[in-house]
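Structure, as structure tokens:
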Number of protein chains: 2
Amino acid sequence: MASGSAARKPAPEPLVVLEEFLPYRLNVLAGLTSSALAQIYAERFGLSIPAWRVIVTLGQYECRTARDMAPDGVMHKSTVSRAVSALEKRGLVKRRPNLDDRREEWLALTPEGRAIYEAVAPEALAVGERLLSVLTPQEQQTLSALIDKLTRQARLLAPQDAEGEEA
Amino acid sequence: MASGSAARKPAPEPLVVLEEFLPYRLNVLAGLTSSALAQIYAERFGLSIPAWRVIVTLGQYECRTARDMAPDGVMHKSTVSRAVSALEKRGLVKRRPNLDDRREEWLALTPEGRAIYEAVAPEALAVGERLLSVLTPQEQQTLSALIDKLTRQARLLAPQDAEGEEA
DNA sequence: TTCCGATTGTTGCCATTGCAACCAATAGCA
DNA sequence: TGCTATTGGTTGCAATGGCAACAATCGGAA
């Protein structure tokens, strides 16, 4: 940084201080966290973010439909669709028609899918633990409550439907 | 939801409960927050996320170089490059060669850019305020501290260099 | 029964963007 | 002075993913 040190001169009237701006800080934190996680499921298991979410959801609930895959509204239905297709092609997920409503299909992990799930999940959990390890149990509980409050509020402020648009 | 209510059956052994998994919850919150913000700077001012960040950074610090634009490591240098090009083409940002080191260029908002900044910033701030309005001042302070702690830790866990990969 | 609107899921198209290769310029060192 | 490693920045390429249009199906009301 030869002479770039002058880059700190504040502008006439800085209206927003980025480093203190909550949405920005949340994005940075979420991005870093995703990176840490991606190291696990991407590099080591060849899973994309959407694929990882599908795997983990199906590991948690058997037989969800693609529609239910993103009820919290984090992924686009097209994203889910493509992720499921890819996972099916890899033999990790299996579809079964729902005879009661033939628009949708039941989804479930195959044994191979379950195996991957059981290999990835503990490592992902470990990352989460390592993240939280800098907080006391009390702080963790507080954080959880704060995130919940903010998420509820953010849902009110965000465009009603559209929610899936990060990465 | 004709018959989909059965989708709740938990799997044999759910190792990860997504709704309680910190990285996931952070991503959801950050995504919703970004959506709320994007409504302002995208729909109303035609700014992309990177463009918004450039504008806001230049509003805060005059004459930063493109390199300094993402020191917190949130944007790729190619992303910054393209955002700056676009903004220059729109006449919102001006480049000036740095004669001391001709690899880099000083960047600054043009009057038009400054005008946009002064129009967007207050609205963006308002979104942030509305988000935080569900927390007491005490809680806001706590949240800030927790985010800092987690961000520091996440930086240690994430791949050393790569950080810009959200959206 | 027969529409019409709503819902699930897929796909084509396009914008975004990460990656890596590359150019230009600098710094450090022999 | 040259030679090499490093850094700021740009661009081609390919993959990702959102949007919107579409097909298939269902539910409800006339």
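As the structure is a prediction and not an experimental result, all values here were calculated from the model. Here is how names work: the chains are called A, B, and so on, in the same order as the sequence lines, proteins then strands, and each is numbered from 1.
Here dG9(C) presents its C1' atom at 11 Å from CG of Leu107(A), a figure rounded to the nearest Å. Look at CD on Glu104(A): it is 9 Å from C1' on dT7(C), rounded to the nearest Å. For the pair Leu47(B) CG and dA15(C) P, the computed distance is 18 Å after rounding to whole Å. One atom, CG of Asn98(A), and another, P of dA24(D), lie 19 Å apart when rounded to the nearest Å. Atom CG of Asp101(B) is separated from atom P of dA24(C) by 16 Å (rounded to the nearest Å). Distance, Ile49(A) CD1 to dT17(C) C1': 13 Å, rounded to whole Å. The interatomic distance linking Arg102(B) (CZ) with dA25(C) (P) rounds to 6 Å, in whole Å. Atom CE of Met75(B) and atom P of dT10(D) are 13 Å apart (whole Å).
Using a distance-only test at 3.5 Å, with no hydrogens or angles considered, no donor-acceptor pair links the side chain of Glu62(A) to the main chain of Ala108(A).
Defined by atom type and a distance below 3.5 Å, a donor-acceptor pair is missing between the side-chain atoms of Thr136(B) and Gln138(B). Under 3.5 Å, the side chains of Asn27(B) and Thr33(A) contain no donor-acceptor pair of N or O atoms.
Map Lys77(A) and Leu99(A) each onto its nearest nucleotide of DNA chain D; the residue landing nearer the 5' end is Lys77(A).
Residues Leu143(B) and Leu132(B) meet the side-chain proximity criterion, which asks for heavy atoms closer than 4.5 Å.
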Give the table of side-chain donor-acceptor pairs shorter than 3.5 Å for residues 42-52 of chain B, with sequence neighbours excluded, one pair per line with atom names and distance.
unit_1	atom_1	unit_2	atom_2	d
Arg44(B)	NH1	Glu123(B)	OE1	2.7
Arg44(B)	NH1	Glu123(B)	OE2	3.2
Arg44(B)	NH2	Glu123(B)	OE1	3.4
Ser48(B)	OG	Ala51(B)	N	3.2

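Glu104(B) approaches Asn98(B) most closely through the heavy-atom pair OE2-ND2, 3.0 Å. Of all heavy-atom pairs spanning Phe21(A) and Leu37(B), the tightest one is CE2-CD1, 3.7 Å.
Distances were taken from every side-chain heavy atom of His76(B) (C-beta onward) to each of dT26(C), dC19(C), dT10(D); the shortest belongs to dC19(C).
Residue Arg103(B) has no polar side-chain atom (N or O) positioned under 4.0 Å from OP1 or OP2 of dG8(D).
Within residues 78-95 of chain B, the residues approached by DNA chain D to less than 4.0 Å at the level of any non-hydrogen atom are Ser78(B), Ser81(B), Arg82(B), Arg95(B), in residue-number order.
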